[in-house]
Visitor: 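One structure coming up, written as C-alpha cells, with questions to follow.
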Amino acid sequence: MTIKQAEFKKRRAALMKQVGKSNIAIIASAPQRTRNRDVHYPFRQDSDFFYLTGFNEPDALAVFIPGREQGEYILFCREFDQKKALWEGAHAGLEGATKHYEADDSFPITDLDDILPGMLENKGKVFYPMGKDSELDHKLLEWITHIRKQSRSGITAPGELVSLEHVVHEMRLFKSSEEIKLMRRAAEVSVCAHIRAMKACKPGLYEYQIEAELVHEFTAQGLRHVAYPSIVAGGSNACVLHYVGNNDKLHKNDLLLIDAGAECDHYAADITRTFPVSGTFTEPQRLLYQLVLDAQAAALEHIRPGVAWNQAHEASVEVLTKGLVKLGLLKGRVKTLIKNEKYKQFYMHRIGHWLGMDVHDVGDYKIKDEWRVLEPGMVLTVEPGLYVAADCDSVEPQWRGIGIRIEDDVLVTKDGHEILTHGVPKQIAAIEALMAQCPHE
Ligand code: GLY
Ligand code: MN
Ligand code: MN
C-alpha cells in the first residue's frame, strides 16, 4: 500500500501554484543518521520531503521552479553505484529519479554547489524550510550573497526567504482519500496490536514483554516501524506522560497504560488504552476510568465541521473537573476550579493533536489568534487523561498512582466524524469481557 506517483505530482502542482513564477522552492531529504560507529538508525524520510516527492533516500534535495522551461521539478540525488547496490540494495540513481519519480531533471547531489546557485539567479523569493539543516542554511545564504555580488552584470539575487513549511503544512492538514487509506491501515494494525497486548497481559510479566506483543503484531502485518516509541506503563509509570522505560514488572492490582501506534508508509496511528493488569478494575480505578471515558465521549461530540478546535478540549475539562469534585479529588466550585485551572494537577495536556505523517502532525491550531474550525479531511486524536501522582498527598491514598488515558484517532467527515480506532475495546465491560477470554492470574 502506497501513495501513487499521480498524487505526488498533484501535490507538486499545488505547491508550484502557491510558490508562483519567478520564485523557487527548495527542500532537502532527511540525512542518514549514525547510531554508533558504522551502524545507522533506520532511515526515515523527512515528512515534507516525502510528501512532495515520494523519494525515500537520504542525500537528496528537491527544487521547484514554476514555469522553468527545461523542467519545473529538479531532483538532486545519489548517482547509481553498482557496489553500493550490491552491499546496501537498490537506489534510484539519476535515471530512476526521472523515470520512476517523475523529476523533470536530475543531478548528482555532489554537484549541488555548482548547479543550484545558478537556479537562484533572478528569482524573487526562496521558499525554504529555514532552521532545519544549519549546513544547508549556511550554504544558501552564501549562494545568495555570492549572486548579490554579481549585480553589476545584471543578475539579481533573491530578496526574500519564505517559510516553505507554512505552505506544505497547510496542504498536509487535509488528508486525501489515498492518505486516509494508509491511515486506516495504520489504525487497523494498531488496533490488532492493542487487542493482542490486552489478551497477553497478566501479573508478573514485564512491560517490555507487552511491548514485544505490540511489535510482533505490527511487524507480522507488514508495518515495520512504530510511529513513535511505544509507551507501556504499569501502575504509577502511567503518570509519566511520555514514559518509555518499559522495564518494570506488572502487578495484579495495577492498571496498564499502553500508548502505541504503527506507521504505514509514513502515516501514523496513535492509540492509547488503559486496562487492569488482572483483567478486572478495582473500584477506584473503575470510577476514574469511567470519568475519562465520559470526558472522551463529551469531547467527541464536538468533532464535526464548523466547530472550533478548542471546544472538544473545553468539554473534556468540564466533565473531568465535575467528576473530580464529585469523587473528592478536587474541592470547590467547578466554575472556579476551571477558571483557576486546578484540573491541570490531574489533566495537564490538551485533548489531542493533528495526526498524519507525523504523530504530532503539522498544521496551525489557530488562525490569526482564533482557534481553527474543524473541516472534513482533518485527522486528529481525542485523548483525555487523568494522572494522580503516587505522592499526591492532597487526595485519599486509594486514588494515588493511577494514570489513565484513552486515545482514539478521528477523521472529520462531511457530517461529523469517524473514529478510525474504535476496534479496541474501551468500555469497562468490553475490556473485562475480552480479558476474561484469557487467563490473567
Ligand atoms: N503518543 C503521543 C501522544 O499521544 O501524543
Ligand atoms: Mn496522541
Ligand atoms: Mn498517543
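For ligands, and for the atoms within them, numbers begin at 1 and follow the listed sequence.
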Visitor: With the Mn ion (ligand 2) as the reference point, give the N/O/S atom of D270 that is nearest.
Guide: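 Closest to the Mn ion (ligand 2) among those atoms: OD2.
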
Visitor: Can you say whether the rings of W354 and W309 are parallel (under 30°), tilted (30 to 60°) or perpendicular (over 60°)?
Guide: tilted

Visitor: Check this for me: does any side-chain nitrogen of one of R185 and E188 sit under 4.0 Å from a carboxylate oxygen of the other?
Guide: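 Yes, charged N to carboxylate O under 4.0 Å.
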
Visitor: Return yes or no for this condition: an N or O of H242 is under 3.5 Å from an N or O of ligand 1.
Guide: no

Visitor: Just need the protein heavy atom nearest to atom 5 (O) of ligand 1, so name the residue and atom and give the distance.
Guide: H360 NE2, 2.6 Å

Visitor: Under the side chain to side chain contact (heavy atoms under 4.5 Å, CB included) criterion, do H417 and R304 qualify, and how do the steps go?
Guide: CA-CA 6 Å; H417 67 254; R304 59 175 192 278; 5.6 Å; no

Visitor: Taking only heavy atoms of H353, which atoms of ligand 1 are found under 4.0 Å from at least one of them?
Guide: 3 (C), 4 (O), 5 (O)

Visitor: Among the N, O or S atoms of E383, which one sits nearest to the Mn ion (ligand 2)?
Guide: OE2

Visitor: Do the side chains of R400 and D391 get close enough for a salt bridge, i.e. N-O under 4.0 angstrom?
Guide: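 Not counted as a salt bridge, because no side-chain N and carboxylate O are separated by less than 4.0 Å.
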
Visitor: With a cut-off of 2.8 Å, does H360 put an N/O/S atom close enough to the Mn ion (ligand 2)?
Guide: no

Visitor: Quick check on D259 - does any of its heavy atoms sit under 4.0 Å from an atom of ligand 1?
Guide: yes

Visitor: Could you check whether the rings of F281 and Y289 sit parallel, tilted or perpendicular, using 30° and 60° as the cut-offs?
Guide: tilted

Visitor: E407 heavy atoms, cut-off 4.0 Å: which ligand 1 atoms fall inside?
Guide: 4 (O)

Visitor: When you measure from the Mn ion (ligand 2) to each N, O or S atom of E407, which atom gives the shortest distance?
Guide: OE2

Visitor: Could an N or O of ligand 1 be found under 3.5 Å from any N or O of R405, whether backbone or side chain?
Guide: no

Visitor: Hey, do the aromatic rings of F50 and F8 have their centres closer than 6.0 Å?
Guide: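 So the answer is yes for these two rings.
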
Visitor: Using a strict 4.0 Å threshold on nitrogen-to-oxygen distance, state whether R372 and E170 make a salt bridge.
Guide: yes

